[in-house]
Asks: 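One structure, as structure tokens, below. Some questions next.
To find a chain, count down the sequence lines: A is the first, B the second, and so on, and within it residues start at 1.
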Protein chains: 2
Amino acid sequence: MSRPESRLGAHLPVSPPTLADVAERAGVSRQTVSNAVNNPDLLRPGTLERVRQAIEEMGYSPNRAARNLRTRTSQLIGLRVSPVQEGTANAMMDRFVHTLVETSALAGHHVLLFTGDDEDPVAGYDNLLRSTAVDAFVVTDTYLGNPQAAWLAAQRAPFVAFGRPWDRASARHPWVDVDGAAGTRLATEHLVEQGHTRIAWIGWRKDSPIGEDRRSGWLTTMHEHGLSTTGLASRVEDTVQSGGEAAAVLLDESAPTAFVCASDTLAMGVLHTLWLRQLAPGRDIAVVGFDDSQVAQVYPVGLTSVRQPLEDVAVEIVRALQSLLSHQPTPEDGVLLTPTLVVRESSARPEADVPA
Amino acid sequence: MSRPESRLGAHLPVSPPTLADVAERAGVSRQTVSNAVNNPDLLRPGTLERVRQAIEEMGYSPNRAARNLRTRTSQLIGLRVSPVQEGTANAMMDRFVHTLVETSALAGHHVLLFTGDDEDPVAGYDNLLRSTAVDAFVVTDTYLGNPQAAWLAAQRAPFVAFGRPWDRASARHPWVDVDGAAGTRLATEHLVEQGHTRIAWIGWRKDSPIGEDRRSGWLTTMHEHGLSTTGLASRVEDTVQSGGEAAAVLLDESAPTAFVCASDTLAMGVLHTLWLRQLAPGRDIAVVGFDDSQVAQVYPVGLTSVRQPLEDVAVEIVRALQSLLSHQPTPEDGVLLTPTLVVRESSARPEADVPA
DNA sequence: GCCGGTGCTTGGAACGATCAAGGGGGACCG
DNA sequence: CGGTCCCCCTTGATCGTTCCAAGCACCGGC
């Protein structure tokens with residue numbers, strides 16, 4: 001009676017039952033059904049059971065649009081997908097995204113993807129924010145000078161960043177990041193344990209704070225062990241070719257026995273150079289990459305690599321989002337997680353040419 | 001006057017302007033503003049300009065929840081993210097997802113990610129459908145026996161599949177797929193042109209229709225050229241190790257000079273075996289993979305690989321979704337796209353040991 | 001038997017947009 | 001000059017949910 005449209009014809013998709021339909025069937029009012037869903041404690045056990053059964057029988061699920069309109073939330077978290085970089089090994093985002101989707105589902109949220117204008121990076125955020133399409137954002141590419149975080153903070157929009165605010169410590173927004181220096185420290189310690197003393201670094205250009213962070217882990221570990229780093233560092237673009245060329249120069253000029261790289265992409269370049277020179281990775285020269293990409297995993301000579309705990313990052317981000325959205329002040333500003341080292345053949349112990 | 005909440009205080013996030021706010025400022029009614037947004041043709045140019053200016057000044061954007069409630073749409077497309085497979089090279093999904101997000105944005109849609117229960121694969125779909133959270137789905141993993149497509153069809157839920165319906169041709173839902181056989185045909189033709197006559201196949205187990213499709217391209221091309229395929233085919237699991245073992249067996253027993261593989265993962269296994277045997281890929285033995293994964297791109301010896309036109313697939317899927325959602329009957333049931341071959345060093349011309 | 005409190009339930013209003021129908025004014029025609 | 005049409009705009013109703021305040025039954029105490 002209350003839903004004439006359901007009588008239109010069986011060949012059309014039947015519109016789903018509403019709160020009122022369930023209420024009628026259970027013999028209670030709308031609000032009671034709503035309470036059964038959102039505040040079960042308010043109902044007498046008998047009533048609750050009756051309503052629950054009606055919900056079950058009719059396959060009721062609250063209409064999201066109506067709920068969103070009333071509660072002024074969307075239960076959605078916006079995530080900007082960055083352009084795909086071909087020719088690099090860093091495809092770790094799906095690992096992160098998957099856990100993010102799973103974890104936020106547990107918190108009752110879904111993940112909404114969107115792209116950004118290249119010329120106006122905040123346009124996508126602005127649209128979603130103004131149309132109240134998402135409750136919060138997860139910002140992933142917090143490179144230096146990226147205006148997104150600052151803009152979102154200025155808009156008082158809830159968001160959590162994957163990545164530290166590099167530019168100024170005054171930015172007080174929640175963030176989660178992986179300690180890159182700790183990762184390269186692990187890598188360097190591992191190589192020192194294997195008996196290496198001439199360990200080279202191949203990283204990114206100086207204006208990349210992430211690259212400098214990773215470099216610092218190598219540098220301090222070398223110095224802690226009293227090892228020289230003179231002529232053993234190189235800063236290049238993040239491409240296979242650059243990594244290979246840097247490795248060639250370092251091998252010629254400084255004769256390192258091991259390489260620590262800021263990325264698996266660079267490490268692949270090093271492996272290429274070793275291959276050209278008939279040097280066996282792991283036996284002749286050790287190589288360690290960063291990101292534990294699929295390349296590192298399927299390369300014939302398994303590539304030792306620093307693995308970011310992306311699953312934990314996603315969990316922490318969702319945790320921060322929840323306290324942000326429930327207006328509980330976050331206890332600390334940021335969470336810094338420690339990566340692990342996945343040891344494979346490319347960093348096996350050198351045999352006799354290095355003094356133990 | 002009409003928005004008392006905006007007076008609460010400047011330290012709270014100001015709630016965005018509504019249709020009524022814009023109407024008041026522009027000196028028109030709500031409906032006129034709505035028309036200015038959705039049906040500009042209905043307005044007199046002068047009025048339209050005035051409303052547009054008010055919209056611009058106030059930074060108005062229609063509240064999505066309200067619009068969704070009224071129009072019974074969500075402008076969202078659901079995409080289930082499948083679990084990440086570690087240790088394989090097939091991370092092509094982000095290429096697809098990115099274009100999907102971009103293209104559907106042009107059509108006014110956003111992409112919503114969700115995960116599925118492993119035990120109840122349709123649970124995620126069911127929830128989103130019943131709560132009218134999404135307008136349609138994109139189904140990606142249409143392996144044999146996957147109940148999702150059939151279930152969605154039974155629910156009369158709008159969806160487009162990436163992948164042909166393998167089980168029964170009677171399934172009449174829109175789909176977009178890549179012609180795997182055409183891809184392996186390209187690969188095989190390419191190798192024949194290089195002078196190869198003993199071209200081996202390493203694929204997946206027989207119960208994989210995708211694998212059988214790809215295998216058929218190799219098989220028919222071989223036969224068309226009058227080449228024998230006896231003892232040159234192998235069916236294994238999709239792992240690096242399996243690929244390597246299969247290559248070793250084939251090399252020992254049938255002495256092929258080239259390999260066509262159903263995936264880059266298998267091709268990596270082949271390259272590993274070649275490396276162990278001191279055989280140079282491209283010079284001694286040619287290898288072709290499938291998917292043009294990042295591994296193929298950054299491997300020191302570039303891996304020739306069949307590249308799926310994932311960007312085109314996404315575009316076609318959005319196109320099909322649009323006609324589906326606008327209730328225009330789709331002209332054809334499915335779209336089959338042709339992949340391309342990316343030639344790299346691993347399939348360079350053999351030198352003298354193969355008769356031209 | 002009356003009163004007050006407790007605990008569940010109820011109807012009305014609101015969220016902000018679109019749909020359907022109604023109205024005012026000018027142009028055009030008779 | 002009156003009627004009709006059309007164009008452009010306005011008004012009231014509605015989508016399905018949650019918030020709010022009031023209603024009502026029940027129980028114990030006096």
Asks: State which residues pass salt bridge (Lys or Arg N to Asp or Glu O under 4.0 Å) with A:E102; sequence neighbours excluded, sorted by chain then number.
Replies: none

Asks: In chain order, what residues pass the side-chain hydrogen bond (donor to acceptor under 3.5 Å, both in side chains) check against B:S104, with sequence neighbours excluded?
Replies: none

Asks: Using the side-chain heavy atoms of A:R44, tell me which of these nucleotides is nearest: C:dT9, C:dT18, C:dG16.
Replies: C:dT9

Asks: When you look at A:Y60 and A:L19, which way does the side-chain contact (heavy atoms from CB on, under 4.5 Å) test go after all the steps?
Replies: CA-CA 8 Å; A:Y60 168 75; A:L19 209 55; 3.2 Å; yes

Asks: What is the distance from CG of A:N63 to P of D:dT18, rounded to the nearest Å?
Replies: 10 Å

Asks: Just how far, in rounded Å, is P of C:dT6 from CG of A:L43?
Replies: 20 Å

Asks: Take atom CD of B:E24 and atom C1' of D:dT10, then tell me their distance rounded to the nearest Å.
Replies: 15 Å

Asks: Select from B:L42 and B:A66 the residue whose nearest nucleotide in DNA chain D is closer to the 5' end of that strand.
Replies: B:L42

Asks: Please work out which of the three classes, parallel, tilted or perpendicular, describes the rings of A:F114 and A:Y125, given edges at 30° and 60°.
Replies: perpendicular

Asks: Without placing hydrogens or testing angles, list every side-chain donor-acceptor pair under 3.5 Å for residues 311-319 of chain A, not counting sequence neighbours.
Replies:
residue, atom, partner, partner atom, Å
A:E311, OE1, A:R95, NH2, 3.3
A:E311, OE2, A:R95, NE, 3.0
A:E316, OE1, A:R319, NE, 3.4
A:E316, OE2, A:R319, NH2, 3.3

Asks: Is it the case that the side chain of A:N39 and the backbone of A:N35 share a donor-acceptor pair, with hydrogens and angles ignored and the cut-off at 3.5 Å?
Replies: no

Asks: Considering only heavy atoms, which members of residues 45-54 of chain B lie under 4.0 Å from some atom of DNA chain D?
Replies: B:T47

Asks: For A:E57, give me all partners under salt bridge (Lys or Arg N to Asp or Glu O under 4.0 Å), at least two apart in sequence or on another chain.
Replies: A:R25

Asks: Please determine if a side-chain N or O atom of A:T32 lies less than 4.0 Å away from the OP1 or OP2 oxygen of C:dT10.
Replies: yes

Asks: How many whole angstroms separate atom CG of B:D21 from atom P of C:dC15?
Replies: 11 Å

Asks: What's the closest nucleotide to the B:Y60 side chain, out of D:dT11, C:dA17, C:dT10?
Replies: C:dA17

Asks: For A:T132, check side-chain hydrogen bond (donor to acceptor under 3.5 Å, both in side chains) against everything at least two apart and list the hits.
Replies: B:N63

Asks: Among residues at least two apart in sequence or on other chains, which ones pass salt bridge (Lys or Arg N to Asp or Glu O under 4.0 Å) with A:R80?
Replies: A:D141

Asks: If you restrict it to nitrogen or oxygen atoms, what contacts under 3.5 Å exist between nucleotides 19-22 of chain C and the protein, and what is each distance?
Replies:
residue, atom, partner, partner atom, Å
C:dC19, O4', B:R70, NH2, 3.3
C:dC19, N4, B:Q31, OE1, 2.5

Asks: Using whole Å, what does the distance between atom P of nucleotide C:dG16 and atom CG of A:N68 come to?
Replies: 13 Å

Asks: Please name all residues satisfying salt bridge (Lys or Arg N to Asp or Glu O under 4.0 Å) with B:D177, sequence neighbours left out, ordered by chain then number.
Replies: B:R164

Asks: Please state whether the phosphate of C:dT9, meaning OP1 or OP2, lies under 4.0 angstrom from any side-chain nitrogen or oxygen of A:S29.
Replies: no

Asks: Using Watson-Crick or G-U wobble pairs with both distances under 3.5 Å, give me DNA chain C in dot-bracket, 5' to 3', with [ ] for crossers and | for pairs to another strand.
Replies: ||||||||||||||||||||||||||||||

Asks: Taking only residues two or more places apart in sequence, or in another chain, which ones meet A:T73 in a side-chain hydrogen bond (donor to acceptor under 3.5 Å, both in side chains)?
Replies: A:T71

Asks: Only distances under 3.5 Å count here; give the side-chain donor-acceptor pairs of residues 40-50 of chain A to other protein atoms, sequence neighbours excluded, each with its distance to 0.1 Å.
Replies:
residue, atom, partner, partner atom, Å
A:R50, NH1, A:A26, O, 2.7

Asks: Under 4.0 Å between a side-chain N or O of B:R72 and OP1 or OP2 of C:dT18?
Replies: no

Asks: Could you state the atom-to-atom distance from CG of B:L69 to P of D:dT18 in whole Å?
Replies: 12 Å

Asks: Rounded to whole Å, please give me the gap between CG in A:N35 and P in D:dT18.
Replies: 9 Å

Asks: Rounded to the nearest Å, what distance is computed from the CZ atom of residue A:R64 to the C1' atom of nucleotide D:dT18?
Replies: 15 Å

